[in-house]
> 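Here it is, the structure in full.
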Amino acid sequence: MKYLYITLLIFLTLQCNRPKIEEYEYEKYGKVTGDVTLRESYTKESERIKTITKGSIILLTAKIEKTLKTGEVVIWYKARSYSGEEGYVFGDFVTLISLDIAKKELLRKRNQFEIYLKNLIIIATSERIKSSNQFPYDILTDIQIITPLEETSSSSYNLLDERSSLTT
C-alpha cells in the first residue's frame, strides 16, 4: 500500500510539472512588445531561430503554460512570423491583439514601407536619368510594387520577386 501511495505521488508530481498546452482553433495574433527570440522549443535554452523585432505582428497557434521548479507559471506562445518561420516566443514579450487590429497594423506597416521605398526608387532613378544626359529628364512618379515585402529587422526588408521562381 505504501508503494502505491509513493507511485501515485510521483505520478501526480510529474503530471503537475507537465506544461498545459492550449491549441488555438481560430487565428490569434500578438504584437511583439520588445525584441524577442523565436526558439525551437518553449525553453530559454532551446536553439534560436531568429529575432523578431519590437512592433512586429505574429500569428499565434498555441499557448503553453509552464510551471517552473520555483512554482512560477510562465507563458510561451507557439508562433509563426510574418516571413513564415515557426517556433516559440516567451509570453512576456507578446500582447494579444484582435484580428482586425492585426490586419490593419500589417496593412499600415506595409503601406508605410512601400511609400518609403517608392520615394527612394524615384529619387535614385531620377538622379540617374538626369546625370546620364541620354533621356529627356522627367520626374518618375508612377511606380507599383508588386512583389511581397518581408520584414527582416526594424530597418530592413527583403524584396521577394515572384518572377524569379518561374521556370522558362
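We number each residue from 1, following the sequence as shown.
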> Hey, what do you get for CG (D35) to OG1 (T53), rounding to the nearest 0.5 Å?
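If I round to the nearest 0.5 Å, the distance is 6.0 Å.
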> Taking only residues two or more places apart in sequence or in another chain, which ones pass side chain to side chain donor-acceptor pair (under 3.5 Å) with E86?
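Checked E86 against side chain to side chain donor-acceptor pair (under 3.5 Å); matches are R80.
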> Quick check: does any side chain N or O of K109 sit under 3.5 Å from a backbone N or O of G55, one acting as donor and the other as acceptor?
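Checked: pair present.
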> Checking the side chain of R39 only, and the main-chain atoms of K44 only, is there a donor and an acceptor separated by less than 3.5 Å?
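Checking the backbone N and O of K44 against the side chain of R39, a donor-acceptor pair under 3.5 Å is found.
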> In Å, rounded to the nearest 0.5 Å, how long is the span from NZ of K63 to CD of E23?
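Atom-to-atom, K63:NZ and E23:CD are 13.5 Å apart.
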> Is there a side-chain contact between T43 and K66 (heavy atoms, below 4.5 Å)?
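In contact.
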> Return each pair, listed once, that meets ring pair (Phe, Tyr, Trp, His ring centres under 6.0 Å) where at least one residue sits in residues 35-67; pairs must be two or more places apart or across chains.
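Passing the test, one end in residues 35-67: Y42-Y88.
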> What residues, two or more places apart in sequence or in another chain, satisfy side chain to side chain donor-acceptor pair (under 3.5 Å) together with S81?
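For S81 the side chain to side chain donor-acceptor pair (under 3.5 Å) partners, ignoring immediate neighbours, are S83, E85.
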> Please report the closest heavy-atom contact between S46 and S41, naming both atoms and the distance.
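Where S46 meets S41 most closely, the heavy atoms are OG-O, 3.1 Å.
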> Can a donor-acceptor pair be found, under 3.5 Å and without considering hydrogens, that links the side chain of T37 to the backbone of R48?
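No, because the side chain of T37 does not come within donor-acceptor range (under 3.5 Å) of the backbone of R48.
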> Roughly how far, to the nearest 0.5 Å, is the OH atom of Y29 from the CG atom of L106?
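Here the rounded value is 7.0 Å.
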> I'd like to check the salt bridge (charged side-chain N to carboxylate O under 4.0 Å, His left out) partners of E27; sequence neighbours left out, ordered by chain and number.
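For E27, no residue satisfies salt bridge (charged side-chain N to carboxylate O under 4.0 Å, His left out) once neighbours in sequence are set aside.
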> Step by step, would you call W76 with V89 a side-chain contact (heavy atoms from CB on, under 4.5 Å)?
CA-CA 6 Å; W76 287 80; V89 293; 5.6 Å; no
> Y24 vs T61, test: side-chain contact (heavy atoms from CB on, under 4.5 Å). Steps then yes/no.
CA-CA 5 Å; Y24 293 140; T61 57; 5.6 Å; no
> Could you give all pairs that pass the salt bridge (charged side-chain N to carboxylate O under 4.0 Å, His left out) test and reach residues 90-108, with sequence neighbours left out?
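Counting only pairs at least two positions apart or across chains, the salt bridge (charged side-chain N to carboxylate O under 4.0 Å, His left out) contacts touching residues 90-108 are K31-E105, E105-R108.
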> For Y116, give me all partners under side-chain contact (heavy atoms from CB on, under 4.5 Å), at least two apart in sequence or on another chain.
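Scan of Y116 (side-chain contact (heavy atoms from CB on, under 4.5 Å), adjacent residues dropped) gives F113, L120.
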> To the nearest 0.5 Å, what is the distance between CG on L99 and NZ on K28?
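NZ of K28 is found 11.5 Å from CG of L99.
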> If hydrophobic clusters are built from ILVMFWY residues whose side chains come within less than 4.5 Å, do I58 and L107 share one?
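No; tracing contacts between hydrophobic side chains, which count when under 4.5 Å, never links both residues.
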> Go through it in stages, so that I can follow the logic: the residues are E40 and I49, the test is side-chain contact (heavy atoms from CB on, under 4.5 Å), and I'd like the CA-CA distance, side-chain angles, deciding distance and then a yes or no.
CA-CA 7 Å; E40 286 186 3; I49 298 172; 3.8 Å; yes
> May I ask you to test the I75-I64 pair for a side-chain heavy-atom distance under 4.5 Å?
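Counting from C-beta outward, I75 and I64 never come under 4.5 Å.
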> Is any side-chain heavy atom of V94 less than 4.5 Å from a side-chain heavy atom of L60?
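V94 reaches L60 side chain to side chain.
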